[in-house]
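The structure appears right after this line, and notes come after that.
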Amino acid sequence: MVIANGFFYNKHSPITFLFITMDAYAIFFIRLLVSVIPFMFFVDTNRFKETRLFKLIIGVILGTNAFYTFRAVQFFPDAIRAREKVENIGAEEVLFATPNYAMVYGLALLIPVLWQKWKNAESKEDKILYLIYVVLSFYIVAVSQFATALIISVVGTLLFFVLCMKNNKRVVVVSIVAFTLFYVHITKIDVAVIDMLANSIDGTWSEKLHDISDSLSGSNLSGSLSTRNDLYQTSLDSFFESPVFGIMANPGGQTGGHSTAIDILGLAGLMGFVPFILTYIYNIRRVCRTCNFNKNKASIIACNVEFIILVFTKNIITSLSVFFSFFVLFPLMLKMENTDERK
């Protein structure tokens, strides 16, 4: 499985394998078959246990990504979002151990799960540990400057706490705090404050504060809604021209490339969309049946809402990390926590 996925990893241009030429979508399908499908249908997840080693691995991965992400944005504020620019100026080593596009979105999907593990943790040590993991995850998502990833992280977190809290006053307080922090970041108030501090001092600290300000500025977070609507319409046009097979039956058609659900309709019609929906429904039923829905309801709902938003607003068709996070890591992490309490 690892060897097969490694061979096809990050291949976006057509390749020839065993005398067969495959495009990016065919390559992704193969990677999906060898990486996600076996876990969903054939791997006995009861064998997985939550151990100190498991928690350590999560910490090492998040800590390493956060450290090298911080290092990268000091060199180039848009390093994570604009990886090609960094590569074009011959500074590929700056991107060492930094998350790519798909990994950032995959991490954003897992934030509600980390909150759930923090909530369910029995020891103070574990609560502190998972809180640190949440902070590291939010840092990576925020400085990567992918707007939708940041939005679904905030929406997922807010929804998680709303579903967890029965006291209306506490819900209102958490909602106000969450939206305030989000508003502060989007409107660049935090950037203005950091710039003001940087301008009030001299030397190395001033430069570092300016670097942090640049990494938080999110100059690339804006996008044109009208342009996105045009791209969505392009995929819909291809679907309506051939509802059953999409552009597979009409080679002259195009897809907009900015919505997974709509692009699948345009790319493969109902023949591709129906299996996708059935797989999603199967995953929901599997999670609710095996991961103690009553105890983990908040994270299950929050994670699914994030995934639905992502599927309709971003093109993640070839982003295996997103599918692996949602269809494998999301249920697996909840399952390990509740091995002895399944309902």
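Counting only distance, with no hydrogens or angles, the side chain of K314 and the backbone of S259 share no donor-acceptor pair below 3.5 Å. Side-chain atoms of S238 never come within 3.5 Å of backbone atoms of I247 as a donor-acceptor pair (strictly under, hydrogens ignored). Distance alone, capped at 3.5 Å, is enough to place a donor-acceptor pair between the N296 side chain and the C291 backbone. T234 places a side-chain N or O within donor-acceptor distance of the main-chain N or O of D230, the cut-off being under 3.5 Å. A donor-acceptor pair is defined here as one N or O able to donate and one able to accept, closer than 3.5 Å; no such pair exists between the side chain of T98 and the backbone of Y68. Of the possible polar contacts, none joining the T157 side chain to the V154 backbone as a donor-acceptor pair under 3.5 Å is found.
Of all non-hydrogen atoms in L136 and A66, the two that sit nearest each other are CD2-CB, 3.8 Å. N283 and P331 get closest at one heavy-atom pair: OD1-CG, 4.3 Å. When all heavy atoms are compared, the tightest approach of G256 to D263 is N-OD1, 3.7 Å. A pairwise comparison of heavy atoms in G269 and F239 identifies CA-CD1, 4.1 Å as the closest pair. The nearest pair of heavy atoms linking A108 to E306 is O-OE1, 2.7 Å. Residues I316 and V311 share a closest heavy-atom pair of CD1-CG2, 4.3 Å.
With sequence neighbours excluded, no residue forms a side-chain hydrogen bond (donor to acceptor under 3.5 Å, both in side chains) with S325. Checked against side chain to side chain contact (heavy atoms under 4.5 Å, CB included), A79 has the following partners two or more places apart in sequence or in another chain: A72, F76, V86, L95. For K297, the salt bridge (Lys or Arg N to Asp or Glu O under 4.0 Å) test picks out no residue, with sequence neighbours left out. In this structure, the ring pair (Phe, Tyr, Trp, His ring centres under 6.0 Å) partners of F307, at least two apart in sequence or on a different chain, are Y280, F326, F327. The side chain to side chain contact (heavy atoms under 4.5 Å, CB included) search around A298 returns Q116, F160, L163, C164, not counting sequence neighbours. Here D126 pairs with K55 under the salt bridge (Lys or Arg N to Asp or Glu O under 4.0 Å) rule; sequence neighbours left out.
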task = Tell me, with the steps shown, if L236 and I262 meet side chain to side chain contact (heavy atoms under 4.5 Å, CB included).
result = CA-CA 7 Å; L236 288 174; I262 300 176; 3.8 Å; yes
query = Could you walk me through whether W118 and Y133 pass the ring-ring contact (aromatic ring centres under 6.0 Å, His included) check?
reply = CA-CA 9 Å; W118 165 80; Y133 292 169; over 10 Å; no
Worked check of side chain to side chain contact (heavy atoms under 4.5 Å, CB included) between S137 and L110 = CA-CA 9 Å; S137 300; L110 293 177; over 6 Å; no
query = Going through the checks in order, is the side chain to side chain contact (heavy atoms under 4.5 Å, CB included) test met by I201 and L197?
reply = CA-CA 7 Å; I201 59 178; L197 291 174; 6.0 Å; no
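If you look at F67 and F70, their ring centroids are not closer than 6.0 Å.
In this structure, CG in N304 is found 4.5 Å from CD1 in I284, a value given to the nearest 0.5 Å. Within the model, atoms CZ of F276 and CD1 of I264 stand 4.5 Å from one another, a figure rounded to the nearest 0.5 Å. Taken from NZ in K117 to CD1 in I58, the straight-line distance is 6.5 Å, to the nearest 0.5 Å. Atom CG of L159 and atom CD1 of I152 lie 12.5 Å apart (nearest 0.5 Å). Here L270 contributes atom CG and L265 contributes atom CG; the two are 6.5 Å apart, rounded to the nearest 0.5 Å. Interatomic distance, NZ of K119 versus NZ of K127, reported as 8.0 Å (0.5 Å rounding).
Both I301 and L109 belong to a single network of hydrophobic side chains, linked directly or stepwise wherever heavy atoms of I, L, V, M, F, W or Y lie under 4.5 Å apart. Linking Ile, Leu, Val, Met, Phe, Trp and Tyr residues whenever their side-chain heavy atoms come within less than 4.5 Å places F293 and V305 in a single cluster. Linking Ile, Leu, Val, Met, Phe, Trp and Tyr whenever their side-chain heavy atoms come within less than 4.5 Å puts W115 and I132 in one cluster. Transitive grouping of hydrophobic side chains (ILVMFWY, heavy atoms separated by less than 4.5 Å) brings Y232 and F312 into a common cluster. When hydrophobic clusters are built by joining Ile, Leu, Val, Met, Phe, Trp and Tyr residues whose side-chain heavy atoms come closer than 4.5 Å, directly or via intermediates, V155 is grouped together with V322.
At a threshold of 4.5 Å between non-hydrogen side-chain atoms, the residues F330 and I300 count as touching.
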